Amino acid sequence: MATDSGTRIDPSADEVSNYDYQNETVARSGLVDDLQARVDGEVRFDEYSRQLYATDASLYEVLPIGVVYPQSTEDVAAVMSYCAQREIPVLPRGGGTSLAGQTVNEAVVLDFSRYMNDLVEARPDDRRARAQPGIKLGDLNAELADHGLKFAPDPAWGDKSVLGGAIGNNSTGAHSLQYGKTDAYIEECEVVLADGTVTTFGEVTREELRDRADPDGDLEARIYAEIERILAEEGEEIESHYPDLKRNVSGYNLDWVLDDAQDGTINVASLLAGSEGTLAIVTEAEVSLEPIPETKSMGLLAYEGLIEAMEDVADILEHDPAAVEVLDDVLIDLAQDTAEFEDVVGMLPEGTRAVLIVEFYADDEESGRQKVADLLADRTNGVNPAADPTADRTVVDTPIRAFDAMEAHDEAKREKFWKMRKSGLPILLSRTTDEKHGSFIEDTAIPPANLPEYVADFQEILEEHDTFASFYAHAGPGVLHIRPLINTKSVEGVETMESIADAVTDLVVKYGGSVSGEHGDGRARTQWNEKLYGADLWETFQELKSVFDPDWLLNPGQVVGVDAGEVESGAMPERARTVDMTENLRFDPEYEFDAGFDPALEWDNDNGMQGIVELCHGCGGCRGPQETTGGVMCPTYRASEEEMTTTRGRANMLRQAMSGDLPDDPTDEEFMHEVLDLCIGCKGCAKDCPSEVDMAKLKAEVTHAYHQEHGSSLRDKVFANVDALAGLGSSFAPLSNLATKVPGARTVLEKAVGIAPDRTLPSFQRTTLQDWFDERGPQIPADEAERRALLFPDTYTNYSHPEVGKAAVRVLEAAGVHVQLADRTDSGRPAHSKGFLDQSRATAKDNVEALVPAVKEGWDVVLVEPSDAVMFQSDYLDLLSGEDVETLAANAYGVCEYLDTFRLDEAADWDVPAETLTYHGHCHQKATKKDHHAVGVLRRAGYDVDPLDSGCCGMAGSFGYEAEHFSMSKAIGSILFDQIGESRGDTVVAPGASCRTQLDDWDESDGEPPHPVEKLDAALA
């Protein structure tokens, strides 16, 4: 976590922690020593760090030389100066979210996202901000929001991508119709040049440009001279060959500079926009800001086909919308078959095969409704808008193409429209087959008027290559996201990819477009820039690159390159060669996969476990902060900001180990310790990752294999069998509770078993929940009950906190439920979480055999502890197959889920005090989309509830008890503690036993918080 001073609070710094996110094999140790002596930041050239930075969100994988985390401009200059003297390439990188491969290279990678990520200055009166390149756009805008301002370009991944990346890619987003690209907002950049010189590029007059220009001077003077030469000699060529588009980020930004020069001034910094780190390294940027819109309104137009929708785009633009987004029939059909999106897509008018989602910015709600009304009056027939259209509205004299329409003015419905539009990415990325929807021509930009013909011709190209793609995203500026389905593991698939790209580039040129309107050139598209711009401008690009970077050290081969002949002749180094789009593919015809063991779990997807291991495409969705991204994923990254601790990092490392790219086997001691050990099994990635990479399940598989090969520790065995241990503790209570309070006992536990001495241990109750219920019995006769429930007395509830189980019994009975207790207490969760899959499978089998007969007679199974409920509902299906386990999974409920699903709480009488509850849900329930039930029940009972958009608490079962993990556990917990501190609630409630333990150990705790069912019990009339 970065602080104002630039230092980080690193959980691994605790003396008990025994991980450092690296391995022992270090490349070029002399180079490491030299660089480390020159910088204050970190230098990592170990195998693990290099592999972590070998991929981004593209199809490509290139092993870097090493990684440096600079802390200052001086660090960057020192690295660049040193590397320039030794002709070592350098690659500036931010979030690694680029889709064209521009952030992977055989170079020293400078990761700015860790330390150089601050807002340096905000000047709201001037609508300016100055920031370091590693600041996430979401964080930047969060800090500017109080001033009513924002950095306007809004790439979809803005809460994970960074300002330097936005400059490097010349990024924009869905609202480019309103705001344009990043180049419009760059006022000034502090940069490090290719020789290590630090300078500032900004606005200069043409006269100042000439004065500073000297073709025989230092590097900066030569740069100014080349810019002046291009303006003087290449203007006509630029005007004739650059497409007339709002969205073109291919090649260098010469058209923008040329347009700028017409006014007599030139902003040299804008030339860096879209340069992908090939001209200079940005270390600080001053950007202009825009006011945050007062409100928004949306219209959704329904069409019978994609071509009809494309024909309507140019006409809709006459209404001056802020965004026009398209969704085609391919995605509509896929979304209807996806649980997360079926309800959203289900609201579309019958017969819809394509939609255009049109958003307007407005000063007030009335104005927004008016804009939508005017649009619908012009572009539809028979649709009655919410407001009356204006008399002088825009009218386009063309045929009506939309057959129906919908409106969205309140925030909730607008979010549904956007959710529908954004359904595309997770659906396309969820394929576990060898065929993937590849991002190699997915953001071509075409003048909107030419979209119908372009789309029709594109579809013909896909048919000729016997594949298909969806068409979605930014129809307004003509930037469609199109990802053909290809298999690059085959020679034929690679040939198909290049053939499609070649044919599509011809289409782009034919229709006056660009090969990239958003995601840049990189490895996917650099080779097509000569065809797009012509040989003369391609040579101009080469000359510009050579002046800025004489030795071609800055991210070489991207945006522009040289042909193989120049390399073979010795005129240019190999690194300067134009990258070919078929080189360095992550999955290529030579790719081989060998897990090294047979999976022990059920994998109900194409390609089984291999399909999930290969599923991560590197988008960096796991790198979002809690404050701006929310959700559960990824807790250890949010605490440490280490790439190793992201789902992306772990998934790619696991794939690399299983494919041989990484020499380690996945069950090697060091790999298990540094790569997988800090995955806390929260399951957040199974929901929050766009590809739904289930790292918790993968870790369970690999840990099981590790146990099979190497055995297991005493501590792991103790935690796996905690149910038996708790039973003993209860039998000997209260003496068992006193044992850990004997002086020196905690030290012995730490040394012998590895239990953190500062962590509060569970206490045991002599009278268990089962004892209490055996004596009390059910209070609602079965023949008078609404439903019959078997309450499962999990380990924690039965032996340590029976009061929670008692509350659950009373609340269920108040809701008219006949309750009995199951006679089993172990769900298998402890063993499962420690990777003892044979043991958890045996427990699951026993529970299925014991409980299913009752379920088939009409009983429901209800659980108090969320992780145990999810064990029944989800993990049992990974351990067992067949009708019985499916029956149990379908009829198992968390207690609040049970009340909410059947609205049983409506039968109870409530007398709720005036109290606001801060609700922290359990990560397993969030991952399975069951977290909302408790909030619904508490609110219907009469409580005011503030539900936190929180992640994992950091305890994660046994994880928070383990000495080497204690500091990480507390670091994760501090994020939750901050959220609680900002909540308006009077009392914290949490259903998870681990969560309540973590909160009880919080320095500001008033004691262990209650389970939601305890608050319901307290409110019974």
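Bear in mind that the values here come from a model prediction, so they are computed numbers and not experimental data.
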Side chain of Asp118, backbone of Val120: donor and acceptor closer than 3.5 Å?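 Not confirmed, Asp118 side chain does not pair with Val120 backbone.
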Can a donor-acceptor pair be found between the side chains of [X] and [Y] at a distance below 3.5 Å?
| X | Y | value |
| --- | --- | --- |
| Lys246 | Tyr179 | no |
| Asn105 | Asn555 | yes |
| Glu276 | Thr278 | no |
| Ser288 | Arg127 | no |
| Trp418 | Glu359 | yes |
| Thr97 | Arg623 | no |
| Tyr361 | Thr295 | no |
| Thr182 | Ser171 | no |

Step by step, work out the side chain to side chain donor-acceptor pair (under 3.5 Å) result for Thr265 and Thr205. CA-CA 4 Å; Thr265 61; Thr205 65; over 6 Å; no
Do [X] and [Y] come close enough that some side-chain heavy atom pair is under 4.5 Å?
| X | Y | result |
| --- | --- | --- |
| Val559 | Lys545 | no |
| Glu237 | Thr540 | no |
| Leu544 | Leu254 | yes |
| Asp75 | Val68 | no |
| Leu231 | Arg206 | yes |
| Leu532 | Ser514 | yes |
| Leu480 | Thr444 | no |
| Leu289 | Val287 | yes |

Could you grab the distance from atom [atom1] of [X] to atom [atom2] of [Y], nearest 0.5 Å is fine?
| X | Y | atom1 | atom2 | value |
| --- | --- | --- | --- | --- |
| Asp688 | Met633 | CG | CE | 5.5 Å |
| Tyr252 | Leu271 | OH | CG | 8.5 Å |
| His519 | Ser58 | NE2 | OG | 12.0 Å |
| Ser439 | Leu99 | OG | CG | 5.0 Å |
| Arg523 | Thr578 | CZ | OG1 | 11.5 Å |
| Thr172 | Asn170 | OG1 | CG | 8.5 Å |

Ring-ring centroid check Phe112 Tyr69, cutoff 6.0 Å: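 Between Phe112 and Tyr69, the centre distance exceeds or equals 6.0 Å.
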Report the C-alpha distance between Val249 and Glu518 in whole Å, list the side-chain angles of each, state the deciding distance to 0.1 Å, and finish with yes or no for side-chain contact (heavy atoms from CB on, under 4.5 Å). CA-CA 6 Å; Val249 299; Glu518 185 168 21; 5.5 Å; no
Which pairs with one or both residues in [range] pass salt bridge (charged side-chain N to carboxylate O under 4.0 Å, His left out), sequence neighbours excluded?
| range | value |
| --- | --- |
| residues 153-174 | none |
| residues 131-144 | none |
| residues 173-202 | Arg128-Glu187, Arg130-Glu188, Lys181-Asp183 |

Evaluate the side-chain contact (heavy atoms from CB on, under 4.5 Å) criterion for residues Ile135 and Val162: first the C-alpha distance (whole Å), next the side-chain angles of each, then the deciding distance (0.1 Å), finally the verdict. CA-CA 5 Å; Ile135 191 170; Val162 302; 6.0 Å; no
According to salt bridge (charged side-chain N to carboxylate O under 4.0 Å, His left out), who are the partners of [X], at least two apart in sequence or on a separate chain?
| X | answer |
| --- | --- |
| Glu233 | Arg229 |
| Asp126 | Arg123 |
| Arg210 | Glu228 |

Testing the basics here: between [X] and [Y], what is the closest heavy-atom pair and its distance to 0.1 Å?
| X | Y | result |
| --- | --- | --- |
| Ala194 | Leu219 | N-CD2, 3.9 Å |
| Asn529 | Gly251 | ND2-N, 3.6 Å |
| Ala280 | Leu193 | CB-CD2, 4.0 Å |

Under a 4.0 Å threshold between the charged nitrogen and the carboxylate oxygen, would [Y] count as salt-bridged to [X]?
| X | Y | value |
| --- | --- | --- |
| Arg525 | Asp521 | no |
| Glu642 | Arg44 | yes |
| Arg114 | Glu643 | no |
| Glu106 | Arg575 | no |

Let me see the working for Asn248 and Tyr242 under side chain to side chain donor-acceptor pair (under 3.5 Å), right down to the final yes or no. CA-CA 9 Å; Asn248 172 31; Tyr242 270 74; over 6 Å; no
Decide if atom CD of Gln85 counts as having more than 12 heavy atoms of other residues, nucleotides or ligands within a radius under 6.0 Å.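 Correct, the count exceeds 12.
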One pair to check against side-chain contact (heavy atoms from CB on, under 4.5 Å): Val79 and Arg38. What are the steps and the verdict? CA-CA 7 Å; Val79 172; Arg38 287 165 168 79; over 6 Å; no
So among Thr200, Thr199, Thr197, which one has a side chain to side chain donor-acceptor pair (under 3.5 Å) with Glu220?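 Result: among Thr200, Thr199, Thr197, Thr199 is the only option passing the side chain to side chain donor-acceptor pair (under 3.5 Å) with Glu220.
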Here's one to test your reading of the geometry: is the NZ or CZ of Arg86 within 45 degrees of the ring axis of Tyr82 and under 6.0 Å from its centre?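 Verdict for Tyr82: a cation-pi partner in Arg86.
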Does the side chain to side chain donor-acceptor pair (under 3.5 Å) test come out yes or no for Ser72 and Glu74, once each step is laid out? CA-CA 5 Å; Ser72 64; Glu74 290 74 21; 3.3 Å; yes
